[in-house]
Visitor: 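Handing you this structure, nothing more for now.
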Amino acid sequence: GITMVVWTVTDVNTNSKTCNQKITVIPYQCGNPIQVYHTDTTVTSAKVKWKAGKCSNTYELRIRKEITTGVWDTWRSWMTSSGALEHLFTGLTPNKFYHYQVRNVCGISYSGSISNWFHTLPSFTQINDRASAGENSES
């Protein structure tokens, strides 16, 4: 908001002068992380990276898994990033879509969350099972 500050200066001879100054305090906007992307996706993990936005010092992420086409599990709780400008999600299910969000923490406020998706790789077992199923259906 706006506040008025009254400045009074007095010299050694007790001469004084007063001046009014109008101060406008603008709430600081917590900036979103930028250039968010995923990399190093494996069967059970994926790394998410981003570049710093304004007021960038702490980041939180959350993730959810697609159970069946168009049906998503509940969001996991927000967690602090595992690196300065990256986070490694582990313990994921092979061959599944995941939806993740990243947000910036500025004091006690948060930026908007940035969303993206990735797909974990299928396990070798799943690939072998599919190959075997294909071979059996031809015989």
Side-chain angles (χ1 to χ4, degrees):
I2 299 172
T3 191
M4 292 297 290
V5 176
V6 178
W7 296 92
T8 304
V9 178
T10 306
D11 67 16
V12 293
N13 296 320
T14 66
N15 298 313
S16 65
K17 184 72 173 171
T18 302
C19 177
N20 295 325
Q21 182 181 27
K22 182 171 115 177
I23 306 283
T24 303
V25 178
I26 300 170
Y28 191 75
Q29 296 292 321
C30 191
N32 291 334
I34 57 175
Q35 299 175 7
V36 178
Y37 64 98
H38 58 274
T39 184
D40 302 333
T41 305
T42 70
V43 175
T44 59
S45 67
K47 187 179 287 184
V48 175
K49 293 185 173 190
W50 58 89
K51 297 227 186 267
K54 145 175 99 165
C55 174
S56 303
N57 54 8
T58 304
Y59 298 91
E60 291 182 338
L61 298 93
R62 67 181 181 172
I63 192 168
R64 65 182 178 170
K65 176 176 64 175
E66 186 178 45
I67 299 169
T68 60
T69 304
V71 178
W72 294 88
D73 200 356
T74 58
W75 285 104
R76 291 187 190 171
S77 298
W78 288 101
M79 62 188 95
T80 304
S81 62
S82 58
L85 295 172
E86 66 182 33
H87 182 75
L88 180 63
F89 287 110
T90 59
L92 306 177
T93 303
N95 203 31
K96 288 288 186 179
F97 276 109
Y98 283 89
H99 180 200
Y100 65 88
Q101 293 182 327
V102 183
R103 71 181 179 186
N104 190 6
V105 182
C106 303
I108 58 170
S109 65
Y110 304 99
S111 68
S113 56
I114 306 300
S115 293
N116 212 335
W117 293 262
F118 63 82
H119 193 276
T120 52
L121 300 176
S123 68
F124 290 112
T125 305
Q126 291 169 317
I127 293 170
N128 290 337
D129 288 347
R130 289 179 185 155
S132 298
E135 291 172 7
N136 290 339
S137 62
E138 292 176 9
S139 18

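Hydrogens, waters and symmetry mates play no part in the numbers below; they use all other heavy atoms, side chains included.
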Visitor: Backbone N or O of N15 within a donor-acceptor pair of the N13 side chain at under 3.5 Å?
Guide: no
Visitor: Measuring from atom CZ of R103 to atom OG of S111, what distance do you get when rounded to the nearest 0.5 angstrom?
Guide: 8.0 Å
Visitor: How far does CD1 of I67 sit from NZ of K96, to the nearest 0.5 angstrom?
Guide: 8.0 Å
Visitor: Would you call F118 and L92 a side-chain contact if the rule is heavy atoms closer than 4.5 Å?
Guide: yes
Visitor: Given F89 and M79, is the side-chain contact (heavy atoms from CB on, under 4.5 Å) satisfied, shown in steps?
Guide: CA-CA 11 Å; F89 287 110; M79 62 188 95; 4.1 Å; yes
Visitor: I need the minimum non-hydrogen distance between T8 and S16, along with the two atoms involved.
Guide: CG2-CB, 4.4 Å
Visitor: For the pair H87 (side chain) and S82 (backbone), establish whether a donor and an acceptor sit closer than 3.5 Å, ignoring hydrogens and angles.
Guide: yes
Visitor: In terms of ring plane angle, is the pair H99 and W117 parallel, tilted or perpendicular, where the classes change at 30° and 60°?
Guide: parallel
Visitor: Treating Ile, Leu, Val, Met, Phe, Trp and Tyr as nodes and any side-chain heavy-atom pair under 4.5 angstrom as an edge, say whether L61 and L85 lie in one connected cluster.
Guide: yes
Visitor: Restricting to non-hydrogen atoms, name the atom on G112 and the atom on P33 that form the minimum distance, rounded to 0.1 Å.
Guide: O-CD, 4.5 Å
Visitor: For the atom pair OH (Y100) and CD1 (I63), what is the distance rounded to the nearest 0.5 Å?
Guide: 9.0 Å
Visitor: Return the NZ to OG1 distance between K65 and T93, rounded to the nearest 0.5 Å.
Guide: 3.5 Å
Visitor: Which atom names give the shortest non-hydrogen contact between A46 and T41, and what distance separates them?
Guide: CB-OG1, 3.9 Å
Visitor: Keeping T120 on the side-chain end and N95 on the backbone end, is there a donor-acceptor pair under 3.5 Å?
Guide: yes
Visitor: Checking side-chain contact (heavy atoms from CB on, under 4.5 Å) for the pair Y59/T80: CA distance, chi angles, key distance, verdict?
Guide: CA-CA 6 Å; Y59 298 91; T80 304; over 6 Å; no
Visitor: Can you list the steps and then say if D40 with T42 is a side-chain contact (heavy atoms from CB on, under 4.5 Å)?
Guide: CA-CA 6 Å; D40 302 333; T42 70; 5.7 Å; no
Visitor: Count I, L, V, M, F, W, Y as connected when their side-chain heavy atoms are under 4.5 Å apart, and connections chain through other members. Are I23 and W7 then in the same cluster?
Guide: yes
Visitor: Mind listing the closest non-hydrogen atom pair of L88 and S45 along with its distance?
Guide: CD1-CB, 4.2 Å
Visitor: If you take all heavy atoms of T74 and R64, which pair is closest and at what distance?
Guide: O-CB, 3.7 Å
Visitor: So W72 and F97, side-chain contact (heavy atoms from CB on, under 4.5 Å) or not? Walk me through it.
Guide: CA-CA 9 Å; W72 294 88; F97 276 109; 4.1 Å; yes
Visitor: To the nearest 0.5 Å, tell me how far W50 CH2 sits from E86 CD.
Guide: 7.5 Å
Visitor: In Å, rounded to the nearest 0.5 Å, how long is the span from CG of N104 to OG of S81?
Guide: 10.0 Å
